[in-house]
Amino acid sequence: MVLQAQSRSRGIGGRVILHVDMDQFYAAVEERERPEFKEKPVVVGADPKDGRGRGVVSTCNYNARKYGVKSGMPITRAWKLCPDAIFLRPNYKLYIETSNRIMIILRQYPDKFEQWGLDEAFLDITSKVRNFEEAEKLAITIKREIHNKEKLTCSIGVGPNKLVAKIASDFKKPDGITVVRQNEAKEFLAPLSVRKLLWVGKKTERRLNEMGIKTVGDLANFDTQILKEKFGMMGSYYILAAQGIDNSEVVEKTAVKSVSRERTFEEDTSDIDMILETLNRLCREIHEELIEMKMLFKTVTIKIRYENFETHTHGKTLSFFTDDLQNLQKTSKELLEPYLVRQKNVRLIGVRTSNFASSSKQKTLL
DNA sequence: TCTGGGGTCCTAGGACCC
DNA sequence: TCTGGGGTCCTAGGACCC
């Protein structure tokens with residue numbers, strides 16, 4: 001991921017990168033469609049089912065945040081914090097359509113463009129501007145165009161690399177612009193929690209905290225050898241990141257490498273027929289998508305999660321590429337069956353296909 | 001706090017080949 | 001006859017992103 005594109009460094013002058021991040025994207029799109037929602041707390045995510053629902057909050061608006069609701073939070077907790085909120089199921093079709101139009105707008109501006117999820121993008125505008133002042137003006141122009149055409153706001157970070165631009169875009173939300181030059185980067189990052197760094201998630205944050213590293217400044221001053229030993233390649237990345245250095249390029253995303261579906265049951269179950277029926281349905285959904293993409297798969301991997309959250313994956317690589325539904329269903333059933341033991345209720349099952357070849361090359365590949 | 005769904009990449013061990 | 005080293009592919013698990 002990050003590390004592969006990492007080795008090349010830029011010549012003198014340096015880069016200018018924008019990170020554009022739509023504000024509370026799903027909730028904002030819903031508010032745009034239903035302006036009366038604007039004054040109320042809106043939570044987009046799973047169905048709370050009067051406090052018995054499963055799943056999490058995808059996005060919520062600022063009115064919901066006042067009650068302590070956050071994305072990623074269990075929907076039952078959000079329901080307890082704010083039972084009067086408007087709880088909406090995500091309307092992905094609408095978000096994807098909106099996202100596609102926004103990405104078309106953004107693509108006009110940079111030399112290099114990289115979409116991140118539905119609502120974020122990196123823009124390398126190095127050759128388009130002479131300095132960071134011009135970059136800030138361009139950011140204003142972009143914000144204005146998105147707002148005129150889509151009636152949505154975004155926050156933009158301007159930085160010398162992707163890491164700093166991304167953290168900067170999060171600095172003044174919503175509807176903000178934050179500019180951080182290379183010579184300001186280290187100072188800008190130093191007081192922030194290590195958690196703000198790209199690729200530092202919950203687990204890594206905890207490990208770093210246990211080593212006495214809480215802020216990016218702490219990380220910058222820590223023994224680099226120990227970090228490398230403890231965190232491997234990522235350790236080397238963290239050391240540079242803490243200095244505000246990130247040489248990864250803005251690159252267009254390449255073709256998808258896997259297609260998967262998974263389902264959490266409404267209640268943990270031991271109903272084998274129901275589980276296998278669900279498995280078949282997931283296979284059908286995957287199959288449809290693969291046909292549309294004109295892709296053949298060679299590897300099938302199933303996933304099972306028991307009621308105690310113990311999770312296993314089990315995969316098999318075939319000796320040939322195929323897009324046959326019966327084969328997918330048969331293979332995933334064979335892979336899953338050893339895990340369907342009577343003593344443990346099942347919470348989730350999933351199927352993933354990977355190891356793709358284009359079906360136009362079907363005849364030549366084995 | 002009782003933890004979705006769709007992805008990507010890294011790690012580490014093992015098989016297998018030369 | 002107790003044992004190298006490099007390369008590639010596969011498998012399972014895990015961390016992270018939105």
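The chains referred to below are lettered A, B, ... by the order of the sequence lines, with proteins before strands, and numbering in each begins at 1. Values in this document were obtained by computation on a predicted structure and should not be read as measured data.
- As a whole-Å value, the separation of A/Phe122 CZ from C/dC18 C1' is 12 Å.
- Regarding contacts with the backbone of B/dC2, every side-chain N or O of A/Arg347 stays at 4.0 angstrom or more from both OP1 and OP2.
- Spacing between atom NZ of A/Lys166 and atom P of C/dC17 amounts to 8 Å, rounded to whole angstrom units.
- To the nearest angstrom, P of B/dT11 lies 14 Å from NZ of A/Lys228.
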Quick one: do A/Glu205 and A/Lys214 satisfy salt bridge (Lys or Arg N to Asp or Glu O under 4.0 Å)? Show the steps, please.
-> CA-CA 8 Å; A/Glu205 180 189 27; A/Lys214 288 217 155 57; over 6 Å; no
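- Note on A/Lys253: every side-chain N or O is 4.0 Å or more away from OP1 and OP2 of C/dC18.
- Hydrophobic clustering places A/Trp116 together with A/Val164 (ILVMFWY residues linked when any side-chain heavy atoms are closer than 4.5 Å, directly or through intermediates).
- Comparing the P positions of C/dT3 and B/dC17 gives an interatomic distance of 22 Å, to the nearest angstrom.
- If you take OH of A/Tyr237 and P of B/dT11, they are 15 Å apart, rounded to a whole angstrom.
- Within the nucleic acid shown, A/Asp21 has no heavy atom closer than 4.0 Å to any nucleic acid atom.
- No donor-acceptor contact under 3.5 angstrom links the side chains of A/Glu252 and A/Gln115, judged on distance only.
- Here the P atom of nucleotide C/dC17 and the CG atom of A/Asp246 are 14 Å apart, to the nearest Å.
- Considering only side-chain N and O atoms, A/Asn355 lies under 4.0 angstrom from the phosphate OP1 or OP2 of C/dC10.
- Cluster annotation: A/Leu123 is connected to A/Val179 through the hydrophobic network of ILVMFWY side chains, with a link wherever side-chain heavy atoms come within less than 4.5 Å.
- For A/Glu310 and A/His312, the side-chain atoms include at least one donor-acceptor pair closer than 3.5 Å.
- Note: NZ (A/Lys70) to C1' (B/dT3) measures 15 Å, nearest angstrom.
- Between A/Leu318 atom CG and C/dC9 atom P there is a gap of 17 Å when expressed in whole angstrom units.
- There is a path of hydrophobic side-chain contacts, each under 4.5 Å, that joins A/Tyr237 to A/Ile167.
- One finds no side-chain N or O of A/Ser58 lying less than 4.0 angstrom from the OP1 or OP2 phosphate oxygen of C/dC18.
- Counting any heavy atom pair closer than 4.0 Å across all strands shown, A/Phe25 reaches no nucleic acid atom.
- Put simply, A/Trp116 does not rest on the base of C/dC18: the two rings are not both less than 5.5 Å apart at their centres and under 30° in tilt.
- Under the side chain to side chain donor-acceptor pair (under 3.5 Å) criterion, A/Asn221 pairs with no residue, sequence neighbours left out.
- Under the 3.5 Å distance criterion, with hydrogens and angles disregarded, a donor-acceptor pair is assigned to the side chains of A/Arg305 and A/Thr311.
- Between A/Gly232 and A/Ala46, the residue anchored nearer the 5' end of DNA chain B, judged by the nucleotide with its closest heavy atom, is A/Ala46.
- For the contact set between residues 202-212 of chain A and DNA chain B, defined by any heavy atom under 4.0 Å, the members are A/Lys202.
- Under the 30°/60° scheme for interplanar angles, the aromatic rings of A/His19 and A/Phe122 are found to be tilted.
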Restricting to nitrogen or oxygen on both sides, can you table the protein-nucleotides 5-7 of chain B pairs closer than 3.5 Å?
{"from": "B/dG5", "atom 1": "OP1", "to": "A/Thr264", "atom 2": "N", "distance (Å)": "3.2"}
{"from": "B/dG5", "atom 1": "OP2", "to": "A/Thr264", "atom 2": "N", "distance (Å)": "3.1"}
{"from": "B/dG5", "atom 1": "OP2", "to": "A/Thr264", "atom 2": "OG1", "distance (Å)": "2.5"}
{"from": "B/dG6", "atom 1": "OP2", "to": "A/Glu262", "atom 2": "N", "distance (Å)": "2.6"}
{"from": "B/dG7", "atom 1": "OP2", "to": "A/Ser260", "atom 2": "N", "distance (Å)": "2.8"}
{"from": "B/dG7", "atom 1": "OP2", "to": "A/Ser260", "atom 2": "O", "distance (Å)": "3.4"}
{"from": "B/dG7", "atom 1": "OP2", "to": "A/Ser260", "atom 2": "OG", "distance (Å)": "3.3"}

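- A side-chain donor-acceptor contact under 3.5 Å links A/Tyr95 and A/Glu30.
- Secondary-structure stems of DNA chain C, taken as three or more successive Watson-Crick or G-U wobble pairs (i with j, i+1 with j-1) under a 3.5 Å distance threshold, comprise B:5-18 with C:5-18.
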Protein-nucleic acid N or O pairs under 3.5 Å, nucleotides 12-15 of chain B:
none

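- Placement of A/Leu348 and A/Leu336 in two distinct hydrophobic clusters is found when ILVMFWY residues are connected by side-chain heavy-atom separations under 4.5 Å, directly or transitively.
- A donor atom on one side chain and an acceptor atom on the other are not found under 3.5 Å apart for A/Asp271 and A/Thr269.
- Between B/dG4 and C/dA15, the distance separating the two P atoms is 16 Å to the nearest Å.
- In the set C/dT11, B/dC2, B/dT1, the nucleotide with an atom closest to the side chain of A/Arg77 is B/dT1.
- Side-chain polar atoms of A/Ser155 and A/Asp23 form a donor-acceptor pair below 3.5 angstrom.
- When distances are taken from the side chain of A/Arg54 to each of C/dT11, C/dC17, B/dT3, the shortest belongs to B/dT3.
- Aromatic rings of A/Phe356 and A/Phe297 (six-membered ring for Trp) have centroids beyond the 6.0 Å cut-off, not under it.
- Atom-to-atom, NZ of A/Lys298 to C1' of C/dT8 comes out at 12 Å; the value is rounded to the nearest Å.
- Scored by the side chain to side chain contact (heavy atoms under 4.5 Å, CB included) test, A/Glu31 finds A/Phe37, A/Lys38, A/Asn61 as partners (sequence neighbours excluded).
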